[in-house]
Amino acid sequence: MVGCHASTLPRHWLGTFHEYGQSQNFRDMVPYSFCQATILKGIDGGIVRSLVGLPVFKETFGYSRDGKYIIAAKWLSAFGYANLLGAIVGALCSGIAYERLGPRRMTAGCCVLSIAFIFIQFFSSTPAQLFVGELVNGCIIAFYPICASAYVGEVTPLVLRGFAATMTNLAFSIGSLIASGILKGTESLDSQWSYKIPIATQWALPCIMLILVGFCPDPPYWLCRNGRYQEAAVSLRRLATPTVDVSQKLAHIKQTLRIEESYQGERPTYLDCFRGTNFRRLVVCVMAYDMQAFTGNVFFLTYAVHFMELAGLDASDAFSMNIGLTALGLLGTCISWFLLSYVGRRTMYLFGCTVLAIVQFIIGAVDLAPRQTSTTWAQCGLMLVCTFAYDLSLGPFCYVLLAEVSSAKLRGLTIALSTVTCFVWSVVFAVVIPYAMNEDQGNWRGKIGFLFSGLSMLCALYCFLCMPETKGRTFEELDILFERKIPSRKFKYYKVDIDVGGRRLE
């Protein structure tokens with residue numbers, strides 16, 4: 001299957017996935033679960049963003065105001081961006097680590113470090129200690145989604161590439177759902193275990209991934225880039241069905257890398273991402289990732305529990321709603337699998353940005369009405385709609401675009417730079433939102449929806465003008481489209497024919 005040409009691939013991935021599952025054993029299916037290491041990032045993010053709603057956590061790390069405990073805005077902000085700030089450093093290092101070490105050694109090393117650094121969070125007794133623990137752990141777990149996005153883009157066949165890439169977002173959703181369920185279960189505990197147990201659950205996944213990573217083959221593209229052609233052939237045999245001639249696929253990989261080397265030179269560096277057509281590809285990847293932050297995911301995901309409590313829900317109801325929110329996110333990601341074969345990436349981005357702009361405008365408008373039970377539940381319900389729309393569109397389709405738009409040679413570096421910019425914006429919003437929403441500061445509450453509504457409309461405009469359609473294109477076809485400087489809105493209809501010898505015919 002890995003060796004199939006685009007024109008011979010089935011149109012619907014479900015039949016192909018069933019055939020693949022019948023022909024491969026458990027060991028060979030492991031690579032497609034490689035990105036599940038990012039569940040840890042979902043768990044960590046879900047725990048960090050929701051711990052601030054636990055009563056005992058507020059008593060331990062907050063202060064008393066008007067007879068109730070609250071987290072100071074500076075620490076609420078710090079807990080929100082600590083993970084992201086560490087992730088910026090991790091993302092910058094991950095691109096180089098991916099090229100030098102390869103995804104298997106890189107993931108194994110990160111798992112060991114995650115196990116070690118979770119101890120800092122678990123034994124924290126002051127806000128500063130918890131901040132440091134989140135900071136260093138955030139640096140390590142940032143490697144997972146970058147490594148996963150690059151890995152699945154290189155080991156999956158074209159017909160399953162989009163599906164496999166969305167598994168990264170599915171992993172985030174699963175991690176968030178696990179975190180929400182654990183936090184709901186421990187919320188009623190009247191001791192420090194109400195927040196220590198959720199933190200301790202993070203130890204499980206790195207241990208599991210240390211076992212699984214030993215079964216994963218290195219991606220053939222990475223092996224070929226490092227001149228290890230024999231090992232690449234072995235890897236292809238593991239990834240392909242028995243009837244596929246892997247030598248043909250290996251020749252295709254070599255040809256793709258030769259085309260890129262003729263444009264980019266031999267040794268990839270971060271500077272190469274800013275040169276020639278690579279810069280355009282970088283901008284597309286950066287915007288695809290940054291739009292997650294611009295459309296308000298920090299607002300309706302990171303600060304969901306805090307917002308619901310500000311809106312008027314008690315802690316128990318807020319955590320119950322948070323479970324529903326993460327469950328809807330998981331449902332949205334699963335539904336996106338069925339859309340991958342029929343709906344383009346550009347179309348889904350336009351849909352997501354537009355819906356988020358409308359719904360968040362309504363959240364802001366509802367906040368202008370007098371506060372009562374109906375408006376409180378309306379705002380919280382709209383937060384769930386935002387999460388569903390996001391995880392149906394921008395959430396999963398972002399990782400598909402990252403895998404498809406970045407060149408094979410610069411994939412790890414391009415995804416790393418894109419991740420850094422998204423995390424920078426996420427840090428900005430993580431700092432600003434608590435000060436804007438908190439009742440002891442700006443007291444905007446739901447009116448912050450107006451801000452993200454405007455940004456979402458600007459993102460929709462960018463998608464219409466500049467987002468290329470990559471659905472159904474091989475990596476070699478995308479290389480040609482970018483090198484020929486085809487306008488983004490014409491990507492979908494431009495014809496590229498490639499014969500066996502690798503000659504390009506228009």
Side-chain angles (χ1 to χ4, degrees), residues 42 45-46 48-50 52 76-77 80-81 83-84 87 169 172-173 176 286-311 318 321-322 324-326 328-329 332-333 336 348-368 378-399 418-419 421-438 442-463:
V48 167
R49 70 182 182 228
S50 301
V52 295
L76 182 64
S77 177
Y81 68 70
N83 188 281
L84 296 168
N169 191 73
F172 282 131
S173 299
S176 297
V286 165
M287 286 303 299
Y289 218 148
D290 287 4
M291 279 189 276
Q292 291 191 343
F294 293 152
T295 54
N297 71 343
V298 177
F299 168 50
F300 56 76
L301 292 179
T302 303
Y303 290 109
V305 171
H306 182 62
F307 171 79
M308 291 174 186
E309 290 184 346
L310 286 178
M321 288 289 285
N322 192 47
L325 182 145
T326 51
L328 276 176
T333 301
S336 73
M348 287 307 297
Y349 257 75
L350 279 167
F351 167 80
C353 292
T354 303
V355 170
L356 288 170
I358 294 171
V359 175
Q360 290 183 97
F361 182 86
I362 297 174
I363 289 176
V366 170
D367 201 74
L368 296 175
Q379 281 190 314
C380 296
L382 289 168
M383 293 285 278
L384 270 65
V385 175
C386 284
T387 302
F388 178 75
Y390 170 83
D391 281 306
L392 183 67
S393 55
L394 276 72
F397 278 81
C398 169
Y399 301 102
S418 304
T419 305
T421 61
C422 181
F423 285 163
V424 167
W425 282 111
S426 296
V427 167
V428 171
F429 290 127
V431 171
V432 170
I433 289 174
Y435 284 95
M437 286 199 310
N438 251 31
N443 200 29
W444 285 16
R445 299 195 310 272
K447 298 181 188 68
I448 201 168
F450 290 131
L451 169 64
F452 289 111
S453 176
L455 290 175
S456 297
M457 285 306 300
L458 291 176
C459 290
L461 180 62
Y462 169 84
C463 292

Please determine whether the number of non-hydrogen atoms from other residues, nucleotides or ligands lying under 6.0 Å from atom OH of Tyr462 exceeds 12.
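Atom OH in Tyr462 is crowded, with more than 12 foreign heavy atoms closer than 6.0 Å.
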Mind checking what makes salt bridge (charged side-chain N to carboxylate O under 4.0 Å, His left out) contact with Asp290, not counting sequence neighbours?
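With neighbours one apart ignored, the set is empty.
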request  = Return the minimal non-hydrogen interatomic distance between Gly395 and Gln292, and the atom names on each side.
outcome  =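 Smallest heavy-atom distance, with atoms named: O-NE2, 3.6 Å.
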Identify the two heavy atoms, one from Tyr349 and one from Ala288, that lie closest to each other, and give their separation to 0.1 Å.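 Scanning both residues completely, I find the closest heavy atoms to be OH-O, 2.7 Å.
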Using the test side chain to side chain contact (heavy atoms under 4.5 Å, CB included), find all partners of [X] that sit at least two apart in sequence or belong to another chain.
| X | answer |
| --- | --- |
| Leu384 | Met308, Met321, Leu325, Leu328 |
| Ser456 | Thr295, Leu356, Ala357, Gln360 |
| Ile358 | Thr354, Ile362 |
| Val385 | Val359 |

Check whether any side-chain heavy atom of [X] sits under 4.5 Å from a side-chain heavy atom of [Y], and report yes or no.
| X | Y | answer |
| --- | --- | --- |
| Leu392 | Phe351 | yes |
| Cys459 | Leu394 | no |
| Tyr390 | Leu301 | yes |

How far does [atom1] of [X] sit from [atom2] of [Y], to the nearest 0.5 angstrom?
| X | Y | atom1 | atom2 | value |
| --- | --- | --- | --- | --- |
| Ser393 | Phe388 | OG | CZ | 9.5 Å |
| Met348 | Cys353 | CE | SG | 10.5 Å |
| Cys422 | Met291 | SG | CE | 10.5 Å |
| Ile363 | Ser453 | CD1 | OG | 9.5 Å |

Check your understanding: Step by step, would you call Phe450 with Asp367 a side chain to side chain contact (heavy atoms under 4.5 Å, CB included)?
Key -> CA-CA 10 Å; Phe450 290 131; Asp367 201 74; over 6 Å; no
Fill in: Proximity of Tyr289 and Tyr399 rings by center, below 6.0 Å
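Yes, the ring of Tyr289 comes within the 6.0 Å limit of the ring of Tyr399, centre to centre.
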Quick check: Phe429 with Phe299 (ring centres under 6.0 Å apart)?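 So the answer is no for these two rings.
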Practice problem: Could you walk me through whether Asp391 and Ser336 pass the side chain to side chain contact (heavy atoms under 4.5 Å, CB included) test, one step at a time? | Solution: CA-CA 8 Å; Asp391 281 306; Ser336 73; over 6 Å; no
Test ring pair (Phe, Tyr, Trp, His ring centres under 6.0 Å) applied to Phe397 - qualifying residues, sequence neighbours left out: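 Per chain and number, Phe397 pairs via ring pair (Phe, Tyr, Trp, His ring centres under 6.0 Å) with no residue.
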